[in-house]
Amino acid sequence: QCDAIINWIKQQDLREFDTAILSLDMLAYGGLVASRVHATPEAIAMQRVEIIRAIRAGNPQMKLYGSSVIMRLAPTADGKNEAYREKISKWAEVSADPNNQAQTAQLVKEIPAEALADYQAARRRNLQVNRYALQLIKEGVLDYLILSQDDAKPKGVHIRERESLIESSNTQGLSERVAVQPGADEVSMLLLARTVSDRFAYRPKVKVIYSSEAAANQVMPFEDRPLRKTVSFHLLAVGAQEVNVAEEADILFYVFASRFEPQSAQNFA
């Protein structure tokens with residue numbers, strides 16, 4: 001109930017707080033799952049996220065950290081879309097490639113037109129909210145922003161959206177305050193860690209040690225980049241500095257990625 005959340009925010013004495021971590025998806029749509037459907041029109045979503053300007057006005061000294069998710073490829077299962085949900089996901093994966101025109105056309109025939117139109121409208125709306133988040137960074141309303149890629153694959157319609165956001169961030173000189181990276185569920189915790197490292201000017205040096213170098217270079221399920229890059233994005237987001245030599249590190253960060261290999265857990269431990 002995002003309108004109820006917004007009303008609750010309006011009742012707070014914002015001068016009591018040092019920091020706010022804001023999920024634009026919660027404010028605009030009512031959460032991550034709700035962001036994947038077009039139940040909320042774009043105009044209402046944009047109106048709701050205006051509360052961020054009111055938060056800034058209520059305490060100009062407060063640090064504001066925001067997150068806005070780049071929509072995932074697959075629609076959420078709702079008990080009604082099982083017959084075509086995977087087809088929409090496949091359409092989202094292949095339709096951006098001109099070499100897949102025949103496959104794309106066949107999928108369009110097999111997906112209910114209304115369902116595909118709803119999916120496309122949700123993507124357009126979410127991209128506008130992503131872009132508005134960049135505008136809030138540009139104006140200094142937000143101090144730091146993570147644009148995070150929800151469940152995806154190495155190819156798909158999300159690539160064009162993501163690259164357009166990166167280009168916009170770079171051309172406007174915002175890249176120091178904007179991270180465009182994989183993930184969704186963990187982003188608020190990354191931002192919480194970032195608030196602490198910023199507050200205490202703490203920039204730990206971190207050496208990552210993987211259970212398998214081969215696994216570190218693989219694209220994990222629901223991701224669009226190798227695991228090693230995802231981990232590096234996370235370290236950067238929390239304000240850490242990644243180093244290659246253990247002796248230089250303040251923290252050794254062990255990443256276990258070999259659960260399907262026999263005895264791997266014992267060996268890594």
Side-chain angles (χ1 to χ4, degrees), residues 1-32 34-35 45-70 126 129-150 165 168-170 172-206 230-243 249-251 253:
Q1 296 178 341
C2 30
D3 291 324
I5 292 172
I6 290 168
N7 287 333
W8 176 82
I9 292 172
K10 291 177 179 178
Q11 296 168 20
Q12 306 309 306
D13 181 358
L14 296 174
R15 295 169 297 179
E16 295 181 358
F17 301 98
D18 302 307
T19 305
I21 299 171
L22 305 168
S23 164
L24 273 72
D25 307 288
M26 180 60 74
L27 294 173
Y29 323 114
L32 180 62
S35 75
M46 298 296 286
Q47 179 183 341
R48 285 171 173 166
V49 294
E50 283 293 312
I51 186 62
I52 299 174
R53 294 186 184 276
I55 295 172
R56 167 58 70 208
N59 184 349
Q61 306 306 316
M62 183 163 50
K63 292 287 188 180
L64 299 187
Y65 296 73
S67 67
S68 182
V69 170
I70 302 169
N126 290 15
V129 172
N130 297 151
R131 288 171 174 160
Y132 186 68
L134 286 177
Q135 182 64 28
L136 293 175
I137 283 284
K138 182 179 179 180
E139 295 179 22
V141 178
L142 287 175
D143 293 289
Y144 187 78
L145 171 68
I146 294 180
L147 294 172
S148 62
Q149 176 62 63
D150 197 3
L165 292 167
S168 181
S169 174
N170 290 341
Q172 296 181 79
L174 308 178
S175 56
E176 290 295 316
R177 293 181 289 145
V178 176
V180 184
Q181 65 182 66
D185 302 326
E186 70 274 26
V187 170
S188 291
M189 292 304 295
L190 293 176
L191 288 174
L192 178 60
R194 178 76 183 218
T195 67
V196 177
S197 61
D198 283 353
R199 184 181 178 91
F200 296 100
Y202 180 54
R203 299 288 180 257
K205 295 179 179 179
V206 179
T230 298
V231 171
S232 293
F233 274 119
H234 285 180
L235 293 176
L236 186 63
V238 301
Q241 177 185 350
E242 189 171 359
V243 297
D250 302 306
I251 296 171
F253 182 29

Side-chain polar contacts of residues 182-191 - donor-acceptor pairs under 3.5 angstrom, sequence neighbours left out - could you list them?
{"from": "E186", "atom 1": "OE1", "to": "A184", "atom 2": "N", "distance (Å)": "3.3"}
{"from": "E186", "atom 1": "OE2", "to": "H234", "atom 2": "NE2", "distance (Å)": "3.0"}

**Item:** Q181 vs I146, side-chain contact (heavy atoms from CB on, under 4.5 Å): CA-CA, chis, key distance, verdict
**Value:** CA-CA 7 Å; Q181 65 182 66; I146 294 180; 3.9 Å; yes

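- Residues A133 and S68 approach most closely at CB-CB, 4.3 Å, considering heavy atoms.
- For the atom pair CD1 of I21 and CG of L192, the computed distance is 4.5 Å after rounding to the nearest 0.5 Å.
- For D250, there are no salt bridge (Lys or Arg N to Asp or Glu O under 4.0 Å) partners, not counting sequence neighbours.
- Taking every heavy atom of both residues into account, P204 and G239 meet most closely at CD-O, 4.2 Å.
- By the 4.5 Å heavy-atom criterion applied to side chains, I5 and M26 are counted as neighbours.
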**Message:** Under the criterion side-chain contact (heavy atoms from CB on, under 4.5 Å), I'd like the reasoning laid out for I9 against L27: C-alpha separation, chi angles, the key distance, then a yes or no.
**Reply:** CA-CA 11 Å; I9 292 172; L27 294 173; 4.0 Å; yes

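- Both the sub-6.0 Å distance and the 45° axial angle are not jointly satisfied by R194 relative to the ring of Y65.
- The side-chain contact (heavy atoms from CB on, under 4.5 Å) check on V180 picks up I70, L147, R162, I166, V178, with sequence neighbours excluded.
- Checked by atom type and distance alone, the side chain of S35 pairs as donor or acceptor with a backbone atom of L32 at under 3.5 Å.
- Under a 3.5 Å cut-off, the side chain of R203 and the backbone N or O of S197 do form a donor-acceptor pair.
- Counting heavy atoms from C-beta outward, R53 and L136 have side chains that approach closer than 4.5 Å.
- Here the CG-CE distance, from L24 to M46, works out to 9.5 Å after rounding to the nearest 0.5 Å.
- Side-chain contact between L145 and L134 is present, with heavy atoms from C-beta onward closer than 4.5 Å.
- Rounded to the nearest 0.5 Å, atoms CG (D25) and OG (S148) are 7.0 Å apart.
- Distance check, rounded to the nearest 0.5 Å: OG1 of T230 to CZ of F233 gives 7.5 Å.
- Across every non-hydrogen atom of I137 and R177, the tightest pair is O-NH1, 2.9 Å.
- In this structure, L142 CG and L22 CG are separated by 6.5 Å, a value rounded to the nearest 0.5 Å.
- Side chain of Q135 to backbone of R131: no donor-acceptor contact under 3.5 angstrom is found.
- If you take CG on L64 and CG on D143, they are separated by 5.5 Å, rounding to the nearest 0.5 Å.
- Between A237 and Y144, the closest heavy-atom pair is CA-OH, 3.6 Å.
- Contact between I55 and M62 at its shortest, heavy atoms only, is CG2-CE, 3.5 Å.
- When all heavy atoms are compared, the tightest approach of L14 to A54 is CD1-O, 4.1 Å.
- For Q1, the CD atom sits in a loose shell: 12 or fewer heavy atoms of surrounding residues, nucleotides or ligands are nearer than 6.0 Å.
- Between R199 and D18 there is a salt bridge, since a side-chain N of the basic residue sits under 4.0 Å from a carboxylate O of the acidic one.
- Between the N130 side chain and the L165 main chain, no donor and acceptor come within less than 3.5 Å of each other.
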